[in-house]
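For this chain, numbers begin at 1 and follow the sequence in order. Just follow the structure's listing: the first ligand is 1, and inside any ligand the first atom is 1. This one's a predicted model, so the numbers in the text were calculated from it and none came from an experiment.
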Amino acid sequence: MDFLPLNNWIEYDSKPLVIAGPCSAETEEQVMATARQIATIPMVKVFRAGIWKPRTRPGGFEGVGKEGLQWLKKVKNETGLLTTVEVAKPEHVEQAVEAGIDILWIGARTVVNPFSVQELAEALAGIDIPILVKNPVNPDLTLWIGAIERMVKTGHNRIAAVHRGFSQLEKSNYRYPPLWEIPIELMRLMPGLPVICDPSHIGGSTSLIQPISQQALDLEMQGLMIETHIDPTHALTDAKQQLTPQSLVSILNSLIIRDSNGTYETERNLEVLRKDIDNIDDQMIQLLARRMEIAHEMGVYKCDHSITILQLRRWKELFADRINKGLLKGLDNRFLANLLRLVHEESIRIQTNVMCEKENKK
Ligand code: PEP
Ligand code: MN
């Protein structure tokens with residue numbers, strides 16, 4: 001798939017590209033006051049504002065609607081910033097394009113639904129406009145890829161993915177935990193696709209914007225979309241996560257832009273460490289393969305002796321023992337628990353297969 005590099009469709013001289021603006025357009029004054037301050041920050045090239053707001057429950061502020069598009073037009077004319085809004089329905093596309101909005105974005109709640117994405121793709125066919133595709137709320141990489149593919153199929157190549165974190169049942173400091181492995185896998189599967197991070201929705205609070213942004217840059221994401229409001233405490237949506245333009249400046253100034261290609265010296269040193277990692281991974285794979293062979297043997301034995309596959313007591317003891325050993329070695333508790341569950345799940349799967357095969361042969 002051919003994606004145009006981000007700097008071919010948005011001019012920006014220093015990395016990263018920054019998109020900033022309020023979660024929602026609320027009044028003309030709020031939009032203009034925010035935009036005027038944002039326009040003085042050289043790194044910010046695009047002004048964002050939600051006009052149609054998808055809310056989880058009805059009854060909240062659902063956006064100012066079409067009227068807000070005129071405010072964005074004014075932002076563009078007065079400040080020279082490019083503008084972007086979220087579109088969720090074909091009529092949004094039509095109205096936004098007519099108002100001269102420069103970039104459209106598809107929100108996390110829309111990307112979960114291929115019917116809606118397809119409708120948008122059809123509405124966008126033949127319209128030459130860049131599109132940002134946010135990840136779906138649930139951690140499903142295929143849905144994200146599917147939405148991007150639907151845009152590509154209707155002839156678009158100015159596309160970027162926006163990583164805004166994922167809903168999870170587990171308690172977390174994040175509003176939507178980043179699950180970095182998902183956007184990393186997206187970058188691997190869709191080389192050339194620009195990825196922009198939205199630390200505002202990932203963090204859900206202003207104190208997390210800086211570290212999340214830094215991590216995104218260290219993972220070679222090319223842009224940041226950061227919610228910024230002239231008066232965050234009185235914002236009608238997402239008040240806790242919106243920065244003032246002043247704090248946006250200090251966060252942007254604090255970010256360290258690292259080189260993706262180091263010097264000869266740093267590369268050589270890294271190469272040595274990479275070799276060690278390669279060796280360890282090889283050993284890990286050998287050991288896992290051996291462990292699964294034993295699981296297979298156990299499956300055969302349990303089947304022959306009519307013993308159940310899962311012995312809860314043994315699993316509990318094993319789990320506690322391995323966690324303790326891992327903690328003593330300085331490994332993270334959650335990481336260990338996830339790893340053990342994954343390995344255990346695979347052993348159970350192998351043993352279940354053995355049982356089924358043997359039963360079928362009877
Ligand atoms: C937003 O950007 O304000 C928004 C609604 O985002 P998301 O679709 O990521 O929830
Ligand atoms: Mn928001």
List every atom of ligand 1 that sits less than 4.0 Å from any heavy atom of [X], numbering the atoms from 1 in the order shown and giving each element.
| X | value |
| --- | --- |
| C23 | 3 (O) |
| E227 | 1 (C), 2 (O), 3 (O) |
| G107 | 8 (O) |
| K53 | 1 (C), 3 (O), 5 (C) |

**Message:** Within the structure, is a non-hydrogen atom of G50 found at a distance of less than 4.0 Å from ligand 1?
**Reply:** no
**Message:** With the threshold set at under 4.0 angstrom, would you say W105 reaches ligand 1 through any of its heavy atoms?
**Reply:** yes
Check: [X] N/O within less than 3.5 Å of ligand 1 N/O:
| X | value |
| --- | --- |
| D238 | no |
| A108 | yes |
| D198 | no |

**Asked** Do the numbers put R164 on top of the ring of Y176, so that NZ or CZ is under 6.0 Å from the six-membered ring centre and no more than 45° off the axis?
**Response** yes
Under 4.0 Å between a side-chain nitrogen and a carboxylate oxygen: does that hold for [X] and [Y]?
| X | Y | value |
| --- | --- | --- |
| D321 | K325 | yes |
| E149 | K153 | no |
| R36 | E78 | yes |

**Request:** Please write down residue, atom name and distance for the protein heavy atom closest to atom 6 (O) of ligand 1.
**Result:** K134 NZ, 2.9 Å
**Message:** Please list the nearest protein heavy atom to atom 9 (O) of ligand 1 with its residue and the distance rounded to 0.1 Å.
**Reply:** R164 NE, 2.6 Å
**Message:** Is the contact between M225 and ligand 1 made by the side chain, the backbone, both, or neither, using heavy atoms and a 4.0 Å cut-off?
**Reply:** neither
**Request:** Answer with yes or no whether the side chains of S24 and T237 bring together a donor and an acceptor at under 3.5 Å.
**Result:** yes
**Side-chain donor-acceptor pair present, H229, E26, cut-off under 3.5 Å** = yes
**Item:** Criterion salt bridge (Lys or Arg N to Asp or Glu O under 4.0 Å) on R48 and E86, from CA distance to verdict
**Value:** CA-CA 9 Å; R48 62 146 285 155; E86 172 173 356; over 6 Å; no
**Message:** If you count heavy atoms of other groups shown closer than 6.0 angstrom to CZ of R268, is the number above 12?
**Reply:** yes
**Asked** Is Y301 atom OH crowded by more than 12 heavy atoms from other residues, nucleotides or ligands, each under 6.0 Å away?
**Response** no
**Asked** In terms of ring plane angle, is the pair F166 and W144 parallel, tilted or perpendicular, where the classes change at 30° and 60°?
**Response** perpendicular
**Message:** Heavy atoms only: which of Q242, H201, R175 lies closest to atom 1 (C) of ligand 1?
**Reply:** H201
**Request:** From atom 3 (O) of ligand 1, work out which of R48, H163, E86 has a heavy atom at the shortest distance.
**Result:** R48
**Asked** How is the N/O/S atom of D238 that comes nearest to the Mn ion (ligand 2) named?
**Response** OD2
**Prompt:** What N/O/S atom of E227 is the closest to the Mn ion (ligand 2)?
**Reply:** OE2
